[in-house]
Amino acid sequence: MKVCVLTLGCKVNKYESDSLLNIFKQKGYEITDSLEKADVYIVNTCAVTGEAEKKSRQMLAKCKKLNPDAKIYVCGCASQHNPNQFLGKATLIKGVAGKNKIADFGEGVLIDEVPKSYEKEEFSLQPRTRAYIKIQDGCDNFCSYCIIPYLRGRSRSRDLNSIIEEVQALDSSIKEIVLTGINLSDFKIEGKLGLLTLLQKLDKYNLRMRLSSMEEVIADEEFIKGLRGFKNFCPHFHLSLQSGSDSVLKRMNRRYTTEQFKTTCTLIRKYFPTASITTDVIVGFPGESDQEFNETKRFIADIAFSGLHIFPYSHREGTVASRQKDLNFLVKKARAEELAILDEKLRKEFIEKNKSGKVLIEEVVGGKSYGFTQNYIKCEIDAVLNVGDIVEVEIVGQKNKNALAKLV
């Protein structure tokens, strides 16, 4: 029997899907994470935006088209948010908790209560050069636009020994790990913030180490200076901004000002001059005026991010922001397009500032090799190299969003 596990949304979802794949592999099933004909489909859904939920529903239709007789199992944030949208389309509907129970092939609607402590999971299947390691779940921030704390529950951290055991068990082909969580910045060890302690313990395994999305509040000078002491840390910081207007940030219930955010970016560049700083931005938040949008645009240009993830505001029923009047769709679309132009300009400028790097080769296609530098510039190298090699390169040009590089 062939089992296909499909993922929408964040890196945490991807980790949890790979955990399911590992369970099915151990049970002796043929497994895949590509959309192809299978006997069983598991769709791990996302609800961060209305569009994400729509794509989750569409994925079920694609599975049914590939094999009308297949059984389809649904889990994740979209089914936690509204299980009814999948009724009649799925054999089993689960939420965010107890995803591993899908391997029992039950039926019906079985939405477990979100756990108050970190839920134990099977180690993630890691068939790549880069492994995601989930260390935290849930969020306590309750930003006014975000539904995830209501679906994922309160912040909770994975046991330190469990994390270390998973890293120790990684295949020798893995050369890089990415620590991920719903609110990674809130990872704790015995009740105290523990990211630096964890990185210190993982640094000895000679694996490149990355952090996924973080909140600005954790990145003070002590934290950033501490990161510089790890020989395997990759200086790519994804700090969620959401808006460059202080008045919008206040309405979003974000817990910093633009001045505080800028100070953090200055500190990062003090200790990591070639660091990549990327961010998320929401455009068209309820009540966002032209002036507030222009403040965001100027702030983004001033910080000189190396990349933006741009999201038109999505109404999420049950959040504080959902009580406010939504902006016109065309306004949101136009503002997103403006930022996309700025994003392209900033990406090019960042690549131009970088002259060299060490690239982990992740893919070889058509006589060319592809991979990322430590500061997350994707490079195209005109040579056939071994997947998993780490090579020194000189950056000699650009092609679309990628850098063109040659071996040193």
Side-chain angles (χ1 to χ4, degrees), residues 1-125 132 134 137-138 147-148 150-153 156 182 316-318:
M1 185 167 73
K2 188 174 184 178
V3 178
C4 175
V5 181
L6 301 166
T7 308
L8 295 101
C10 64
K11 293 179 176 67
V12 170
N13 256 13
K14 182 58 181 165
Y15 175 92
E16 293 167 352
S17 292
D18 286 344
S19 176
L20 276 169
L21 283 167
N22 199 11
I23 291 172
F24 287 115
K25 182 181 179 182
Q26 291 177 27
K27 287 177 174 284
Y29 297 118
E30 183 182 355
I31 59 172
T32 180
D33 61 357
S34 299
L35 182 59
E36 57 190 72
K37 188 173 182 180
D39 303 292
V40 172
Y41 292 96
I42 296 163
V43 182
N44 195 358
T45 62
C46 178
V48 71
T49 64
E51 183 65 22
E53 287 203 63
K54 179 182 176 182
K55 288 180 179 178
S56 297
R57 295 191 296 270
Q58 290 173 338
M59 187 62 77
L60 269 69
K62 291 176 181 178
C63 295
K64 207 67 177 174
K65 187 175 181 181
L66 282 169
N67 184 1
D69 298 322
K71 289 190 173 183
I72 301 177
Y73 298 82
V74 177
C75 61
C77 289
S79 48
Q80 182 80 25
H81 182 224
N82 178 16
N84 292 337
Q85 64 187 308
F86 301 110
L87 287 175
K89 303 171 186 176
T91 305
L92 173 69
I93 302 171
K94 296 271 313 160
V96 300
K99 289 183 182 181
N100 287 357
K101 294 177 186 176
I102 285 179
D104 298 332
F105 294 129
E107 295 186 8
V109 181
L110 302 173
I111 307 295
D112 295 341
E113 184 179 347
V114 177
K116 293 180 172 59
S117 58
Y118 191 91
E119 185 176 32
K120 186 176 180 181
E121 298 161 300
E122 185 66 38
F123 287 172
S124 177
L125 184 70
Y132 293 104
K134 179 185 169 187
D137 206 340
I147 198 171
I148 299 306
Y150 303 97
L151 305 180
R152 283 274 181 175
R156 50 205 185 272
I182 296 299
R316 300 278 74 197
E317 198 66 40

Yes or no on side-chain contact (heavy atoms from CB on, under 4.5 Å) for I72 and K89, after CA distance, side-chain angles and deciding distance? CA-CA 8 Å; I72 301 177; K89 303 171 186 176; over 6 Å; no
Could you go through the side-chain contact (heavy atoms from CB on, under 4.5 Å) check for V3 and K27 one step at a time? CA-CA 11 Å; V3 178; K27 287 177 174 284; over 6 Å; no
Test log, rule side-chain contact (heavy atoms from CB on, under 4.5 Å), inputs N100 and S19: CA-CA 8 Å; N100 287 357; S19 176; 3.7 Å; yes
For K11, look at atom NZ and say whether over 12 heavy atoms of other residues, nucleotides or ligands are found less than 6.0 Å away. no
Measuring from L35:CG to K62:NZ, what's the distance to the nearest 0.5 Å? 7.0 Å
Between I147 and A47 the two heavy atoms that sit nearest each other are CG2-O, 3.7 Å
Give the minimum heavy-atom separation between G95 and S79, together with the two atoms involved. CA-OG, 4.0 Å
Using a 4.5 Å cut-off on heavy atoms from C-beta on, say whether the side chain of T7 contacts that of D33. no
Calculate, to the nearest 0.5 Å, the distance between atoms SG and CD1 belonging to C10 and I182 respectively. 4.5 Å
For R316 and I148, indicate whether the former's side chain and the latter's backbone hold a donor-acceptor pair under 3.5 Å. no
CG/D18 to NZ/K134 distance, rounded to the nearest 0.5 angstrom? 12.0 Å
Can you check whether T45's main-chain N or O pairs, donor with acceptor, with N13's side chain at less than 3.5 Å? yes
Of the non-hydrogen atoms in C4 and A38, which two are nearest, and what is the gap between them? CB-CB, 3.7 Å
Do you know the tightest heavy-atom contact between C63 and L6? SG-CD1, 3.5 Å
I'd like to know whether NZ of K25 has more than 12 heavy-atom contacts from other residues, nucleotides or ligands below 6.0 angstrom. no
The complete set of ring-ring contact (aromatic ring centres under 6.0 Å, His included) pairs with one or both residues in residues 79-98, sequence neighbours excluded, reads none
Working for side-chain contact (heavy atoms from CB on, under 4.5 Å), residues N44 and L20: CA-CA 10 Å; N44 195 358; L20 276 169; 5.6 Å; no
S17 and V5: which non-hydrogen atoms are nearest, and at how many Å? CB-CG1, 3.7 Å
Is there a donor-acceptor pair under 3.5 Å between the side chain of K94 and the backbone N or O of L110? yes
If I compare all heavy atoms of I93 with all of I111, which pair ends up nearest, and what's the gap? O-CD1, 3.8 Å
Separation between CD (E122) and CG (N22), nearest 0.5 Å, reads 5.0 Å
For Y73, is there any backbone N or O sitting under 3.5 Å from a side-chain donor or acceptor partner on T91? no
Indicate yes or no for a side-chain donor-acceptor contact from S34 to the backbone of E36 under 3.5 Å, with no hydrogens or angles considered. no
Tell me if a side-chain donor or acceptor on D137 pairs with a main-chain N or O of R156 at a distance below 3.5 Å. no
The test is ring-ring contact (aromatic ring centres under 6.0 Å, His included); show your working for F24 and F105 and say whether it passes. CA-CA 11 Å; F24 287 115; F105 294 129; 5.7 Å; yes
So does R152 get a backbone contact from the side chain of Q80, meaning a donor-acceptor N/O pair under 3.5 Å? no
Sub-3.5 Å donor-acceptor pair from the side chain of D39 to the main-chain atoms of K2, do we have one? yes
List in chain and number order the residues that pass salt bridge (Lys or Arg N to Asp or Glu O under 4.0 Å) with K120, two or more places apart in sequence or in another chain; answer none if no residue qualifies. none
What's the separation between atom CD1 in I23 and atom CD1 in I31, rounded to the nearest 0.5 Å? 11.0 Å
Rounding to 0.5 Å, atoms NZ (K71) and CD (E107) come to a distance of 5.0 Å
